[in-house]
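Scroll down for the structure; my scribbles are underneath it.
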Amino acid sequence: RLLGGGLDEDIIDSLEEILLRADIGVTATQRLIGGLKEGYRAGNLKDQAQVLEFLKTGLKEKLGGEAPKLREAPKPPTVVIVAGVNGSGKTTSVAKLTHLLTRGGEKKVLLAACDTFRAAAVEQLATWAGRLGVDIVRGQTGADPAAVAHDACEKALKQGYDYLVIDTAGRLHTDKNLMRELEKIARVGKKHIPDSPHEVLLVLDATTGQNAVRQAKEFLEVLPVSGIILAKLDGTAKGGIVVVIREELGIPVKFVGLGEQPTDMQPFDAGVFVDGLLS
Amino acid sequence: QLTDGLSGAISRLVSRGKLTEANIDEGLREVRKALLEADVALPVIKDFIDKVKAKAVGQLQIEGVDPGQQIVKVVNDELVALMGPIDTRIREQGNGPTIIMMVGLQGAGKTTSCGKLAKYLVEKKRRKPVLVAADLQRPAAIDQLKVLGEQLGLPVYSEDPNASKGLTGIFKRGSRAAEVCKNGVKFATQAGCDTVILDTAGRLHIDDDLMKELRDVKERLEPQNIFLVVDAMTGQDAVKSAKEFNDQLAVDGVILTKLDGDARGGAALSIKAVTGKTIKFIGTGEKLDRLEEFHPDRMASRVLG
Ligand SMILES: Nc1nc2c(ncn2[C@@H]2O[C@H](COP(=O)(O)OP(=O)(O)OP(=O)(O)O)[C@@H](O)[C@H]2O)c(=O)[nH]1
Ligand SMILES: Nc1nc2c(ncn2[C@@H]2O[C@H](COP(=O)(O)OP(=O)(O)OP(=O)(O)O)[C@@H](O)[C@H]2O)c(=O)[nH]1
Ligand SMILES: [Mg+2]
Ligand SMILES: [Mg+2]
């Protein structure tokens, strides 16, 4: 969509629009555009193709290189907590993770239904467990989610599961009580599995704007967030906000959600993602 | 009454003395930054800044007011005017139940808002609503709406999503949801209920089959009210999805959810600017009493930060 091959500062400025509309945000965009202008003035960038290449390289660097894998604990079970704000795609992502772990028939997965609050949350996860052929630990309606997590960790350890994936209730990062509840869910597992949780995945909706950075900051305050699942990237939103999150908080994207079925999740590929940002 | 963020930034920039075109431009650069940080869509910001500049330039002759504050006032007034008016009207049906159809992207808060709206209609408008479970694809979506119905003591119409699976091969996909909705309205009429709230499955605005499904429901039921449910933390994409839903369905209003968080909610301005449709209600929590009428002045302060 750039015109011809020629380059000047106006053309560099027009790239600002692509970055802003990808939800990269004002500050990061200004820095990126500033960097491009410096390169142009120094004579290092002579045409549009070079500018685009420079931009892509810069974005990929900010995203942190090699896509990290799902962590595997030194001895089983590996405990994975899935958290995030309301409606971001957590429960569906748990189903997708389960599919990735079990499709080769290799891993024995246990699910914990720790959303004990929302209407039919347990039923939703139980349906996925049934379809994927995995066991699920659930409590009474309104049970303390930490109690369910505690029981699940005990079962995962004693019955030899490779992975325990804990689905949690959606919560706004601004709700102090619910953030404390999340901290407690992580803490109670340590009684049986001292170095748990081994992986904490924050599920972000790709349509989210600048608030995603606040979400990541606040969740990181209460949990050792080790990765992001960027859900709903099959829509038109670009999810550029993950660039800022990686840069400012060091949290890498580990997976992207590309649909509503268990097969619709892929490991994060920075190159593919950056191409998508700028398209 | 505006928070210090934008006013502070502008008054630091804009020198004392009267309003000039130069300091208007300076102030508007700050406004642009604030609106971007608030997730207002870029094309909407451009139009908005042009409008504000024209108004501010029109005030160049006014003396005795701090120019920075003048700019902020023009911005705030323009924002309120654009996002308003207050309009919580729900169109009623003359003969037969009033139908409200809830649509939107995945996870926006439609099902929860169906419950909230039903409660609001019962308590504030003395209506007798039926909730219709027309999301036939999400696991336990029907259960979710049934639980809400139980909590409210209201009837929920639903069908087994796998029923008439044999026949589904004969009808093209998309007629099942319309079928359930149609039967839901029949059920409401027979039960003496005056309002039907249709909960539909979340979907992408670029999914042609699923958007057609919504057009089918609209065509067959002719709902008096189609509400687009949008998450307040939506970023730049708000214009794309809202425009598409509105172009295809001509929505009657918007419900903006999750405003109990700290998202600035610029999507509110983007959506109004691009569809012309007003935000009727806002969601301010997960519980069913957390539905409020939309106030453009409160939203303006929040967006400007
Ligand atoms: N298109 C698309 N839809 C998705 C994706 N991930 C999840 N969804 C949909 O988003 C909606 C919400 O997903 P859930 O898994 O229930 O989200 P959640 O975070 O568990 O929600 P709460 O538990 O209520 O906070 C559902 O309709 C999912 O099918 C994705 O990658 N792409
Ligand atoms: N904090 C807060 N949470 C909300 C609000 N409205 C809905 N939610 C929560 O957001 C999540 C998604 O709500 P749903 O009603 O399931 O969303 P949906 O649009 O029906 O989702 P799909 O049917 O999968 O597209 C749930 O956890 C709700 O409790 C709100 O105003 N504030
Ligand atoms: Mg969930
Ligand atoms: Mg729903």
Side-chain angles (χ1 to χ4, degrees), chain A residues 16-18 20-27 29-30 85-92 95 117-128 130-131 141 169-175 178 204-212 214-215 218 231-232 234-241 257 259-260, chain B residues 32-43 45-46 105-112 115 137-151 201-207 230-241 244 257-258 260-267 285-286:
Chain A
E16 182 194 49
E17 177 158 341
I18 299 179
L20 287 172
R21 299 194 70 170
D23 285 314
I24 296 248
V26 177
T27 311
T29 296
Q30 284 175 347
V85 301
N86 305 77
S88 62
K90 298 175 292 299
T91 305
T92 311
F117 167 73
R118 204 208 70 209
V122 175
E123 283 67 24
Q124 184 185 1
L125 189 66
T127 303
W128 283 124
R131 290 183 191 178
T141 315
R171 70 202 65 226
L172 292 184
H173 51 291
T174 45
D175 188 321
L178 290 184
L204 285 181
D205 186 326
T207 64
T208 309
Q210 299 307 302
N211 197 250
R214 294 217 42 76
Q215 292 173 24
E218 297 299 326
K232 308 177 198 171
D234 47 320
T236 50
K238 305 291 184 174
I241 200 67
E260 305 191 59
Chain B
R32 179 179 184 269
K33 184 162 186 284
L35 293 179
L36 280 169
E37 287 169 345
D39 290 322
V40 181
L42 191 57
I45 294 178
K46 288 192 183 142
L105 294 176
Q106 291 91 344
K110 296 175 292 299
T111 306
T112 309
Q137 65 191 41
R138 170 172 153 154
I142 297 177
D143 289 327
Q144 187 182 2
L145 197 67
K146 279 187 177 165
V147 170
L148 299 187
E150 271 168 46
Q151 289 174 357
R203 68 204 63 215
L204 295 178
H205 50 295
I206 52 172
D207 187 322
V230 179
D231 192 324
M233 57 184 95
T234 309
Q236 295 289 314
D237 196 57
V239 281
K240 295 208 196 97
S241 50
E244 198 57 38
T257 62
K258 308 178 201 171
D260 43 319
D262 59 2
R264 297 264 290 274
E286 291 195 74

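In what follows, chains are A, B, ... by sequence order, proteins preceding strands, each numbered from 1.
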Need one label for [X]: side chain, backbone, both or neither, based on atoms under 4.5 Å from any heavy atom in chain A.
X	value
B:E286	side chain
B:K110	neither
B:K240	side chain
B:D260	both
B:I142	neither
B:L204	side chain

What distance separates B:Q106 CD from A:S88 OG, expressed to the nearest 0.5 Å?
->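 OG of A:S88 is found 12.5 Å from CD of B:Q106.
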Distance-minimising heavy-atom pair for [X] and [Y]:
X	Y	answer
B:A140	A:A120	O-CB, 3.8 Å
A:L172	B:K258	CD1-O, 4.5 Å
A:A119	B:L148	CB-CD2, 4.0 Å

Any side-chain donor near an acceptor of the partner, B:D237 and A:T236, under 3.5 Å |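 Short answer, yes.
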Side chains of A:N211 and B:D39: do they bring a donor and an acceptor to under 3.5 Å?
->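 Distance-only check fails for A:N211 and B:D39.
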Just jot down the salt bridge (Lys or Arg N to Asp or Glu O under 4.0 Å) partners of A:E260, sequence neighbours excluded, or say none.
->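 Listed in chain order: nothing, the list is empty.
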Answer with side chain, backbone, both or neither: which region of [X] has an atom nearer than 4.5 Å to a non-hydrogen atom of chain B?
X	result
A:R214	side chain
A:D234	both
A:V122	neither

A side-chain contact here means heavy atoms from C-beta on lying under 4.5 Å apart; do [X] and [Y] qualify?
X	Y	result
B:V239	A:R21	yes
B:Q144	A:R118	yes
B:P139	A:E123	no
B:R138	A:Q124	yes
B:Q236	A:T207	no

Heavy-atom pair count under 4.5 Å with chain A, highest-scoring of B:A232, B:G115, B:P43 =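 Most pairs with chain A among the choices: B:P43.
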Do you know which of B:M233, B:K146, B:H205 has the most heavy-atom pairs with chain A at a distance under 4.5 angstrom?
->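 Going by pairs under 4.5 Å, I would pick B:M233.
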Do you know which of A:T91, A:T27, A:D205, A:N86 has the most heavy-atom pairs with chain B at a distance under 4.5 angstrom?
->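 Looking at each option in turn, the highest pair count goes to A:N86.
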Should A:E17 and B:K46 be marked as a salt bridge (Lys or Arg N to Asp or Glu O under 4.0 Å) after you check the CA-CA gap, both sets of side-chain angles, and the distance that decides it?
-> CA-CA 11 Å; A:E17 177 158 341; B:K46 288 192 183 142; 2.9 Å; yes
State whether A:E16 and B:R32 are salt-bridged, where the test is any N-O pair (Lys NZ or Arg NE/NH1/NH2 against Asp/Glu carboxylate O) under 4.0 Å.
->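 Judged by the 4.0 Å cut-off on N to carboxylate O distance, A:E16 and B:R32 do form a salt bridge.
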